[in-house]
Amino acid sequence: MPRYAMTIDLSRCMGCRACMEACKVENATPEAHFWMYVFRFEEGEYPNTRLSYLPRPCQHCDNAPCVKVCPVGARYKREDGFVLTDFQRCIGCRYCEVACPYGVNYFHWKEPRKAQYVDWGQDQGTRQRAAGQSPPWRKPEHEQRHGSERRLTVGAVHVKGVMGKCTFCVQRVEKGLEPACVANCPVRVFEFGDLDDPESPVSRRLKQSPHFRLLEEVGTQPRVFYLNGAPPSAETRQFYPVKGGKGA
Amino acid sequence: MTTRASALPYGVGRIGRGAVALMVLLLLVAAVGVIAYVHQFRQGLIVTGLRDWGTLGGAPWGVYIAFDVYFVGVSFAGITVAALIRLLNLQHLRPISRMAELLTIVSLMLAGVTILADLGQPLRGIVNLFRYARPQSPFFGTFSLVISGYLFASLVYFYLAGRRDAYLMAQQPSPLRGFYRLWAAGYRDTPAQRRRHERVSFWLALGIIPLLITAHSTLGLVFGLMSGRPGWFSALQAPGFVVMAGLSGIGHIAVLAAIYRRFLPGGERIDRLVFRWLGMFLLILGLTYVYFTLMELLTTGYAGTHKEQELARLLLLGRYAPYFWVAMGALALAIALNAWQAFTGRWSIALVVASGVLVNITAIGKRLLIVTPSLTHGALLPYEPGAYVPTWVEVAIILGLMAFGALAILLFGKVFPIIELAPETERERKEALA
């Protein structure tokens, strides 16, 4: 059984947010849901300011607070490391969201009406360019059962009143592909692979570079490792945060 | 209404014009709550002021959770008072035992419904919270344990404690006679039955107390175990919740007892001594809570992390300061009122009732302050601070639930004596029967 993990090389990230875009397209997340989010940070006073970027997927923690607090076991941890949400069992209490210190959970406050990040049906320009051929946004593989547990997971299946979050693109990984954010990064910030395989890209990068895990002091034991950088400090400020809109 | 029914004690079976008007008003408020809930059920929780924390800058929990905690807290009083009467033989409190038990049952039901109002998938919640119940989740305590254990035990206790009165009531001709017979279920108040009854009630009361402490503590653990949430992560949460539950519950009982004393025929049985006891309880619990709050602030201020100190500043001086100081000011005033009465030895019903209202203002304020600030301003990563303002839907649902609770208590008093029948009445009745 592999032990999946992700590395994020902070020295490479330039904050382009292409990973956020790729995630949205792959998982068809509703408006204002950012399963992958890239912080743009600034520190110090002008002119001595320093910019940095920090991508924030779900950390797929080994000691996941969200899994521990779920009253019905809808949020579960797989043996290979994925932390997933069973959308047919979730009752929408949002305890996982409250317990998670990373802010990666996005609740479906309403029935997602817009089919995708870009609403192909309503946006006239897009409709013209697509010549009436709306690309499919519902992907059959999202609605299948995954892993040895054969359980469902929220991933492009967006139902009112349940929780959703980054799945490490389980539907892609099980087909031997990389998660969408990993595959689409123009400067190869991310690596994804098996920690138990010494030749996997993640194992090699972890051997080569100094690394830290986000909010490790909280005891969550994340599966995401940040390379060549430092965690945000009390002086770190965010600039250009995404606009949340009214929520969805 | 009829002459026959009017013979029943404590206004049972009599509905005056004032009561009808009050019921209509309560029904209207409850109906608005139902309309609001139907709206929320159809549209989703988007109609509330709740939103994701983090990039969306909101609070995923708000007044629903705060009032769920509040309702469970109020339930504390009933069974505690009943258990104290049984275990410590505090006979003075006997006249308020039934209304206290009723308050427990009604507020626990309200708590259960409030949780359902908060769920994104309420229908699934009813099934899955039992089907897939995980005791590892602190949430288990607030719903599965409270509803299936605490409420059930309280109902059994309530039923058993009412059997004697049901038997006595069934001796009189009234339209409700069948109902009383059903409740009495063969109980005839013989010495042997009475002894058995006393014994069962004693052990049940003894059994309910650990259940009660557990239920109120798990509610505190819902917040206290969250290591990633500054302002929540504290070993004091659970005991603090138990004490605050006691305060709000006893405060409610004081108000309820005063209303019945004033308006119920025969309500004078709730004498001044009852209010003295309630005032003393409020004083002790209030002082304990102030002590807990001071310890919490001291620990945070002296040794808290950067984020915890920031939150404490927000509470004491910042955006949430008005709520904090109103809540703590109300508590201080309640303590002062009761301390003064204890000091002079003269207890006024009006002042005890006033302190009961004040501690409930504290309870609601503190519940909101526990739930919200840590969500809007407690992020450990540098997200923008959030905001939360409840919408009319949330307010209407909570007011509707309260109206429903008041209606249930009012209606119960019309079909069953809200004060335990006194032993004298029983003797008189036996003589009359003989």
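Labels below follow one simple rule: chain letters A, B, ... track the order of the sequence lines, proteins then strands, and each chain is numbered from 1.
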From [X] [atom1] over to [Y] [atom2], what is the distance, rounded to the nearest 0.5 angstrom?
X	Y	atom1	atom2	result
A/C90	B/Y132	SG	OH	12.5 Å
B/L56	A/E97	CG	CD	9.0 Å
A/K110	B/L45	NZ	CG	13.0 Å
A/H108	B/D52	NE2	CG	9.5 Å
B/Q121	A/R89	CD	CZ	14.5 Å
A/R56	B/Y383	CZ	OH	3.5 Å

Can you say whether [X] sits under 4.5 Å from chain B via the side chain, the backbone, both, or neither, judging by heavy atoms?
X	result
A/F39	side chain
A/R237	neither
A/L214	side chain
A/Y102	both
A/Y106	both
A/K160	both
A/P65	neither

Go through the atoms of [X] and report whether side chain, backbone, both or neither lie under 4.5 Å from a heavy atom of chain A.
X	value
B/R124	both
B/V127	neither
B/L375	side chain
B/L50	both

Least distance between heavy atoms, [X] atom then [Y] atom:
X	Y	value
A/F107	B/G120	CZ-CA, 3.7 Å
B/P382	A/F41	CG-CE2, 3.5 Å
A/C93	B/D118	O-OD2, 4.0 Å

Comparing A/T236, A/V98, A/V218 against chain B, the one with the most heavy-atom pairs below 4.5 Å turns out to be A/V98
So for atom [atom1], which belongs to [X], do other residues, nucleotides or ligands contribute more than 12 heavy atoms lying within a distance under 6.0 Å?
X	atom1	value
A/E79	CD	no
A/Y240	OH	no
B/F404	CZ	no
B/F292	CZ	yes

So does B/T48 get a backbone contact from the side chain of A/W109, meaning a donor-acceptor N/O pair under 3.5 Å? no
Answer yes or no: is there a donor N or O on one side and an acceptor on the other, between the side chain of B/R134 and the main chain of A/K68, under 3.5 Å? yes
Of the listed B/I65, B/L123, B/V47, B/N128, the one with the largest count of heavy-atom pairs under 4.5 Å with chain A is B/N128
Check whether any side-chain heavy atom of [X] lies under 4.5 Å from a side-chain heavy atom of [Y], and answer yes or no.
X	Y	result
A/P71	B/L129	yes
A/Y95	B/S137	yes
B/L381	A/Q238	no

